[in-house]
Amino acid sequence: MEPLSVTAFTLVNALGLGCTATLEALRDGRSGLTHCDLPEIALDTWIGRVPDLESAPLPAGLEIFDCRNNRLANLTLQQDGFDREVERVRARYGPERIGLFLGTSTSGLEHTEAAYRRRARSGTRDLGDDLRFDHTHSNFSLGAFCRSRLGIGGPTQVVSTACSSSAKVFATASRHLASGLCDAAIVGGADTLCATTLHGFASLELLAPEPCRPWGRDRRGIALGEGAGFVLLERIAPDPDRPALLGYGESSDAHHISSPHPEGLGPALAMRAALERAGLAPGSIDYLNLHATGTPANDRAEDLGIAHCFDRPPRASGTKGWTGHTLGAAGVTEVVICLLTLEHGFLPENLNRGERDPDLKLDVLEAGIDLEPRIVMTNSFGFGGTNASLVLGYPG
């Protein structure tokens, strides 16, 4: 595939607002995880929560979209000059030539949960006048809100494939750009914490009662987080000093509704496809950002998949010990972290691993290091065996 230039990106998660906050936390060794303090949720687990979303209203005229997820998306669009870059491409190409491709898993489900709690307390059947399913709860709510908020009118899709959602949208955007359906694409996603997600993972016995330990011998489960990120892709001449999306790979092993393929088949297929599409050998990858959820089965499957693809694996780390597992926003969260490694020459440590698991072949970074990678890969794997790997780097 032809490289797609990355001309802007932004990020919000439990580490703070904007890319600088995330980079500083990664350098300082400061995790965003805290013990769960969400109202109405009495679970002994740790979460990555974005503070003050309750006091971050939407712009005038867009109140119909008001829910926690769209508030997070709106807050993220305001960071790192991303709004201004969208104005630039809108003026250059026209609003109808800008595509929008976003991922989410629960969208504004928390808004609907609140309506049902109100009904239970009132003893009536009335869910309230502010329950607007199409504008808050539906998965397309995120796309409809961002399209209105940014004033664009090109192809718009919202992908919901669990934890791979906002990685797979890079592949979707790439196909739209390659086919000439748009000249620029805003790619990303947002997911917020809610009771359904937390209690759902608790029922699967996948929540850790401590800060998660990705890739560690004593890993016991995930720490859920919330976050959002956006990346602007343009179909312009490659620049060796500007990062680009170089390749993507997708697979669906459909092994089980929630457990990964035990031999890492799906991850291996996705990583190989991404390398092939980028026209690169495995040895070209300088840094690998792992999916690394911190569950025994998922980390083991990813480790086996990597062994199938790399004779000599690159330096690697998982970053969910910093942000929590942001589910539908995990893909774009880790894409932006990879872009920060390219821009600033810093590889983050695999936080909280603890003692190494002797059953995992891949070793991970126990401390952040200064290194200037040229090409990086990031993995995102979801329930149902839906997998995506992306290669980013400097063309040529």
*Using 4.0 Å as the upper bound for N to carboxylate O, is an ion pair formed by Asp357 and Arg219?*
yes

*So His35 and Asp44, side-chain hydrogen bond (donor to acceptor under 3.5 Å, both in side chains) or not? Walk me through it.*
CA-CA 7 Å; His35 194 265; Asp44 183 18; 2.9 Å; yes

_Glu205 atom CD, over 12 foreign heavy atoms within 6.0 Å_ = no

*Do the side chain of Ser107 and the main chain of Leu109 share a donor and acceptor less than 3.5 angstrom apart?*
no

*Apply the test side-chain hydrogen bond (donor to acceptor under 3.5 Å, both in side chains) to residues Asn387 and Ser251: give CA-CA distance (whole Å), side-chain angles for both, the deciding distance (0.1 Å), then the verdict.*
CA-CA 5 Å; Asn387 310 294; Ser251 70; 3.0 Å; yes

*With no hydrogens and no angle check, is any side-chain donor or acceptor of Glu63 less than 3.5 Å from a backbone partner on Gly61?*
yes

*Does Arg300 come within less than 4.0 Å of Asp359, counting only side-chain N to carboxylate O?*
no

*asked:* Using modelled atom types and a 3.5 Å cut-off, is there a donor and acceptor pairing between side-chain atoms of Ser166 and backbone atoms of Val332?
replied: yes

*Is there a donor-acceptor contact under 3.5 Å linking the side chains of Thr112 and His137?*
yes

*Has the side chain of Ser31 got a donor or acceptor atom that lies under 3.5 Å from a matching backbone atom of Gly321?*
yes

_With a 4.0 Å cut-off on N to O distance, would you call Asp286 and Arg315 a salt bridge?_
no

*Determine, stepwise, if the pair Leu33 / Lys320 fulfils side-chain contact (heavy atoms from CB on, under 4.5 Å).*
CA-CA 9 Å; Leu33 300 182; Lys320 291 180 174 65; over 6 Å; no

*asked:* Is there a continuous path of hydrophobic side-chain contacts, each under 4.5 Å between heavy atoms, that joins Met377 to Val335?
replied: no

*asked:* With a 6.0 Å cut-off (strictly less than), is the heavy-atom count around CG of Asp28, excluding the residue itself, greater than 12?
replied: yes

*Decide yes or no on side-chain contact (heavy atoms from CB on, under 4.5 Å) for Trp322 and Thr22, but give the supporting numbers first.*
CA-CA 9 Å; Trp322 303 89; Thr22 290; over 6 Å; no

*asked:* Check this for me: does any side-chain nitrogen of one of Asp37 and Arg49 sit under 4.0 Å from a carboxylate oxygen of the other?
replied: yes

*Going by an N to O cut-off under 4.0 Å, is there a salt bridge joining Glu355 and Arg217?*
yes

_For a quick test of reading the model, state the closest non-hydrogen atom pair linking Pro214 to Ala292 and the distance between them._
CB-O, 3.4 Å

*asked:* Hydrophobic clusters here meaning ILVMFWY residues chained together by side-chain heavy-atom distances under 4.5 Å, can you tell me if Phe82 and Leu17 are in one?
replied: no

*Hey, can you tell me if His176 and Phe101 have their rings parallel, tilted or perpendicular (30° and 60° cut-offs)?*
tilted

*Short side-chain to backbone donor-acceptor contact, Thr156 and Gly154, under 3.5 Å*: yes

*May I ask you to decide if Leu224's main-chain N or O and His325's side chain share a donor-acceptor pair within less than 3.5 Å?*
no

*Flag yes if Leu347 and Ile285 sit in one hydrophobic cluster, no otherwise; membership is Ile, Leu, Val, Met, Phe, Trp, Tyr, and two members link when side-chain heavy atoms are under 4.5 Å apart.*
no

*Electrostatic pair Asp83:Arg149 at N-O distance under 4.0 angstrom*: yes

*Flag yes if more than 12 heavy atoms outside Glu372 fall under 6.0 Å of its CD atom; otherwise flag no.*
no

*Going hydrophobic residue to hydrophobic residue with side-chain gaps under 4.5 angstrom, can you get from Leu4 over to Ile375?*
no

*Under 3.5 Å, is there a donor-acceptor pair linking the side chains of Glu85 and Thr7?*
no

*asked:* Between Asn350 (side chain only) and Val364 (backbone N and O only), is there a donor and an acceptor less than 3.5 Å apart?
replied: no

_Residues Asn69, Thr106; criterion side-chain contact (heavy atoms from CB on, under 4.5 Å); working and verdict_ = CA-CA 9 Å; Asn69 208 52; Thr106 57; 5.6 Å; no

*Measure from NZ or CZ of Arg27 to the centre of the six-membered ring of Phe346, then state whether that distance is under 6.0 Å and the direction lies within 45° of the axis.*
yes

*Return yes when atom CZ of Phe133 has more than 12 non-hydrogen atoms of other residues, nucleotides or ligands closer than 6.0 Å, and no otherwise.*
yes

*Can you list every pair that meets salt bridge (charged side-chain N to carboxylate O under 4.0 Å, His left out) and has a residue in residues 174-193, with sequence neighbours left out?*
Arg97-Asp183, Arg175-Glu250, Asp183-Arg235

*Are Leu351 and Trp215 co-members of a hydrophobic cluster defined by side-chain heavy atoms under 4.5 Å apart?*
no

Please tabulate, one pair per line, all N/O donor-acceptor pairs under 3.5 Å involving side-chain atoms of residues 262-282, not counting sequence neighbours.
residue, atom, partner, partner atom, Å
Arg272, NH2, His308, O, 3.0
Arg277, NH1, Tyr248, O, 2.6

*Output yes when a side-chain donor or acceptor of Thr341 lies under 3.5 Å from a complementary backbone atom of Cys338, and no otherwise.*
yes

*Hey, does the side chain of Asn352 reach the backbone of Pro211 with a donor-acceptor pair shorter than 3.5 angstrom?*
no

*Mind checking whether Phe383 and Phe201 have ring centres under 6.0 Å apart?*
yes

*Output all residues satisfying ring pair (Phe, Tyr, Trp, His ring centres under 6.0 Å) with Phe65, sequence neighbours left out; order by chain, then residue number.*
His135, Phe145

*Is it true that Asp363 and Arg353 have a side-chain N and a carboxylate O under 4.0 angstrom from each other?*
yes

*Would you confirm whether Asp303, through its side chain, and Leu362, through its main-chain N or O, come within 3.5 Å as a donor-acceptor pair?*
yes

*Determine, stepwise, if the pair Leu142 / Cys146 fulfils side-chain contact (heavy atoms from CB on, under 4.5 Å).*
CA-CA 6 Å; Leu142 178 64; Cys146 290; 4.0 Å; yes

*Ion pair present between Glu226 and Arg68, side-chain N to carboxylate O less than 4.0 angstrom?*
yes

*Pair Asp66 + Arg71, salt bridge at N-O below 4.0 Å*: yes

